[in-house]
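Read through the structure below, which is laid out as structure tokens, and then see the notes.
Every chain is numbered from 1 and lettered A, B, ... according to where its sequence line falls, protein lines coming before strand lines.
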There are 4 protein chains.
Amino acid sequence: MSTSPRSRLRATDARLPPTAAAPPEGTRRRILETALQLFASRGYHDTSIRDLASALELRPSALYAHFAAKDHVLAELVRIGHEAHFEALETAFQGAKPTPADQVRALVHAHTRVHAEHPQLALVVNEEFYALSLELAAPAQALRDKANAMLLDAIQRGMAQGQFSPLHPHITAAAIVGMGSRIPHWFEPGGPIAVETLAKTHAELALRMLGSVSGA
Amino acid sequence: MSTSPRSRLRATDARLPPTAAAPPEGTRRRILETALQLFASRGYHDTSIRDLASALELRPSALYAHFAAKDHVLAELVRIGHEAHFEALETAFQGAKPTPADQVRALVHAHTRVHAEHPQLALVVNEEFYALSLELAAPAQALRDKANAMLLDAIQRGMAQGQFSPLHPHITAAAIVGMGSRIPHWFEPGGPIAVETLAKTHAELALRMLGSVSGA
Amino acid sequence: MSTSPRSRLRATDARLPPTAAAPPEGTRRRILETALQLFASRGYHDTSIRDLASALELRPSALYAHFAAKDHVLAELVRIGHEAHFEALETAFQGAKPTPADQVRALVHAHTRVHAEHPQLALVVNEEFYALSLELAAPAQALRDKANAMLLDAIQRGMAQGQFSPLHPHITAAAIVGMGSRIPHWFEPGGPIAVETLAKTHAELALRMLGSVSGA
Amino acid sequence: MSTSPRSRLRATDARLPPTAAAPPEGTRRRILETALQLFASRGYHDTSIRDLASALELRPSALYAHFAAKDHVLAELVRIGHEAHFEALETAFQGAKPTPADQVRALVHAHTRVHAEHPQLALVVNEEFYALSLELAAPAQALRDKANAMLLDAIQRGMAQGQFSPLHPHITAAAIVGMGSRIPHWFEPGGPIAVETLAKTHAELALRMLGSVSGA
DNA sequence: TATGAATGAGTCTTCATTCAT
DNA sequence: TATGAATGAAGACTCATTCAT
């Protein structure tokens, strides 16, 4: 009769990014990776504990030795995703020349890489974030706010220095950040466009949007 | 103990856009509007028939006098959303001067308006689309493809005429279309930014991204 | 939202009575004492092996080194409770003057003391007894029958000797025994009423109920 | 291997007492009566929704059209039990001659009848009460307090008038009330002892315990 | 059009228990 | 003795849906 729901993304090998602090190991890691793939392709609410267990060739009850509840799995993925994202942004920022244009370029480049290299995680972080309770979402929300502030700050310094002339800073910042969020929906890692090409292009697009005097 | 999931968007009054063909009336319309609000704020899979019925002050079984199944409600919303979107794009295109720059401006302007004026519908169309079976999604998919083709065609004509110099046409097109999809996540209708401001800004941003010689 | 179930008794320090034969030691004893407290306050069926283990700061599987199964813990408590009860009754009976009135007084006094000094054990013995299979309950049942017979025998001798004139021997015996069973539900050890006061009062009440000629 | 748990009482036909206000009807009534039998014989925590549904020849989910949750069924039984009990006590009190002895006799007689005629309900009310949250137990607790106060008040008036000379009023009141609570554990309705015999005997036992000058 | 009662499959989670270490 | 990981059955409850009224 009716066809099953489709996957929301093209990518199929869900990897966890390396994180500084205590990377998960063993079964806990396998659960996270499998959940990542399922949550990304079908959504948190459309993935049951049974689906997850069966993909892991485990009984549902076995999962509860590793996570207290289904939403704790999501919360952990969201936390990992935000940490990897924030660390990448910080590293990029620190490696950039101290000009607003270079900082924006570096931030957008890193933002894009993270989304392109970990499209499942990016999708889960962006779309399933709202399935978490405020409590479980809080650590991620804090990082999210800090990351946004980094970019906004660079933009505002660029404007103050006469380097940027965005039509509307708020709208432009949203558009720049949004380019990253959209990546998992169309970009295929290993496909015709290289991650590096995408990252460089997004960085230059951001500068164009900002009307950067030294833009592409 | 734990807080309930948050809403994905700020908007709270879910209106259906006027459509050319057979606008829904009476209870059927109420169901669609209420489902729109719920599907947008919590997602299709996290909204039960009971939630929907209770928001309507109706018993669950009463809904089946109006829709054959839960996914038919979503399919109808997705259809309405795509039709309104496509009609807006067509009208805009026909009203534009026959230059690629003006056509892109008109298309992006219309694309933005639709997303900003109907954020719930935009969200449902973009995020819950994948919950539909291929069969139920097919009519919407056709319109989606046609709309994308309109924009891509204008871009390619602009490039052929030397009006546009995008860094990477594919990536740029994705970025332009993506600006619209992100609107429901941050834009607040009735908030500090007017819809018209947003639409004009996005249109000019698109031309900047394309490196339009007559850009803003 | 909703409040947790309440405890059935006021007492909170669950002690095991000294028993003649092989008192439990070490972890086995800790398990019994903790189980006693939990079974008494929340009931056997509402206490999980996990609850028990967690109260003991042990992992659930560790309990199985000490008891073959959950119901063996209960069976052991029930056995201990019945043995302590029966021993107390026997000792009291042997120490009493050989008159029915004095024997009843001694039996009720001892019966009351046991219930007042070990309210958790009394509760578990009386209310959770039925959770045991016939096999596991059998040793306790035998002691229970013997204890009842001791009291009934004294009453009947008292009647035969014209010392007692109960309205209805069967009903009266049930009422006398029942006074003890109720103790854990209202009596607070260490509270305003001393155990000895309670025991003496119950003993005299029993004689009043029997219409003892030498009663209070 | 092991024998199943035994029933806590002998009675097998669980009837609901008539109540003044809105007696339950149809399936709701059947659920209550069947739950009453199961909760009484095996306890609330040892009776699953599946057990209940299967005894009713219904699917578990069907129960949720009538009760919001398992504990609501218990709460309703507890409420009905307390209301029937309190109404019986009030009626008895109003029909008694205005002397403490007659009032105590009437109250204990009614208290006993209720327990003897509805042993399952008495058991559930007394033993499963603690499985309810404070919220759900509150209405019953209020009636319980009022009923106890009625008896205590009569006892105290009797003492003030020199009619009663209890050894210890508090202990004696507990013993009198406790006679009723024990009934379901040993009394068999339709057995050798008539309900009326039991009620009269308990009433006279109470007066004996109080040392009533006009007692039996 | 709407309802109340019911269903069968499914939800997440907990249960007592086992077993290799 | 104690643990961590696992299991299979069962826990209460919700799901979308049907159907007689």
Please pick, from [options], the nucleotide with the shortest atom-to-atom distance to any side-chain atom of [X].
X	options	answer
A:Arg59	F:dA2, F:dT7, E:dA5	F:dT7
C:Ser61	E:dT7, E:dT17, F:dT3	F:dT3
D:Leu58	E:dT7, F:dA2, F:dA6	E:dT7
C:Pro60	E:dT17, E:dT13, F:dT17	E:dT17
A:Lys70	E:dA16, F:dA2, E:dC12	E:dC12
D:Tyr64	F:dA2, F:dC13, E:dA5	F:dC13

DNA chain E nearest-nucleotide lookup for D:Thr27 and B:Leu63: closer to the 5′ end is B:Leu63
Between atom [atom1] in [X] and atom [atom2] in [N], what is the gap in whole Å?
X	N	atom1	atom2	result
C:Asp46	E:dT14	CG	P	14 Å
C:Asp51	E:dA16	CG	P	8 Å
B:Ile31	E:dA2	CD1	P	8 Å
D:Arg50	E:dG8	CZ	C1'	12 Å
A:Leu56	F:dT7	CG	C1'	15 Å
B:His72	F:dA16	NE2	P	15 Å
C:Glu57	F:dA2	CD	C1'	14 Å
B:His45	E:dC12	NE2	P	13 Å

message: Any side-chain N or O of A:His66 below 4.0 angstrom from OP1/OP2 of F:dG4?
response: no
C:Phe129 ring centre to D:Arg8 NZ or CZ under 6.0 Å, with the angle to the axis within 45°?
-> no
Its dot-bracket string being built from Watson-Crick and G-U pairs below 3.5 Å, with | for another strand and [ ] for crossing, DNA chain E has the pattern .||||||||||||||||||||
- [ ] For the pair D:Thr27 and D:Leu63, evaluate side chain to side chain contact (heavy atoms under 4.5 Å, CB included) and give the outcome as yes or no after the intermediate values.
- [x] CA-CA 9 Å; D:Thr27 304; D:Leu63 301 182; over 6 Å; no
Are the side chain of [X] and the backbone N or O of [Y] linked by a donor-acceptor pair below 3.5 Å?
X	Y	answer
A:Arg42	A:Thr47	no
C:His82	C:Val78	yes
D:Arg50	D:Pro60	no

Regarding B:Ser48 and B:Asp51, do their side chains bring together a donor and an acceptor under 3.5 Å, going by distance alone? yes
Hey, does C:Ser48 reach any base, or is it just sugar-phosphate, or nothing, if we go heavy atoms under 4.0 Å?
-> sugar-phosphate
Practice item. Under 4.0 Å between any heavy atoms, over every strand shown, what does D:Ile49 touch: base, sugar-phosphate, or nothing? Just pick one. Key: sugar-phosphate
Lys/Arg N to Asp/Glu carboxylate O, B:Arg79 vs B:Glu76, below 4.0 Å
yes
**Request:** Return the orientation label for the D:Tyr44 and D:Phe39 ring planes: parallel under 30°, perpendicular over 60°, tilted otherwise.
**Result:** perpendicular
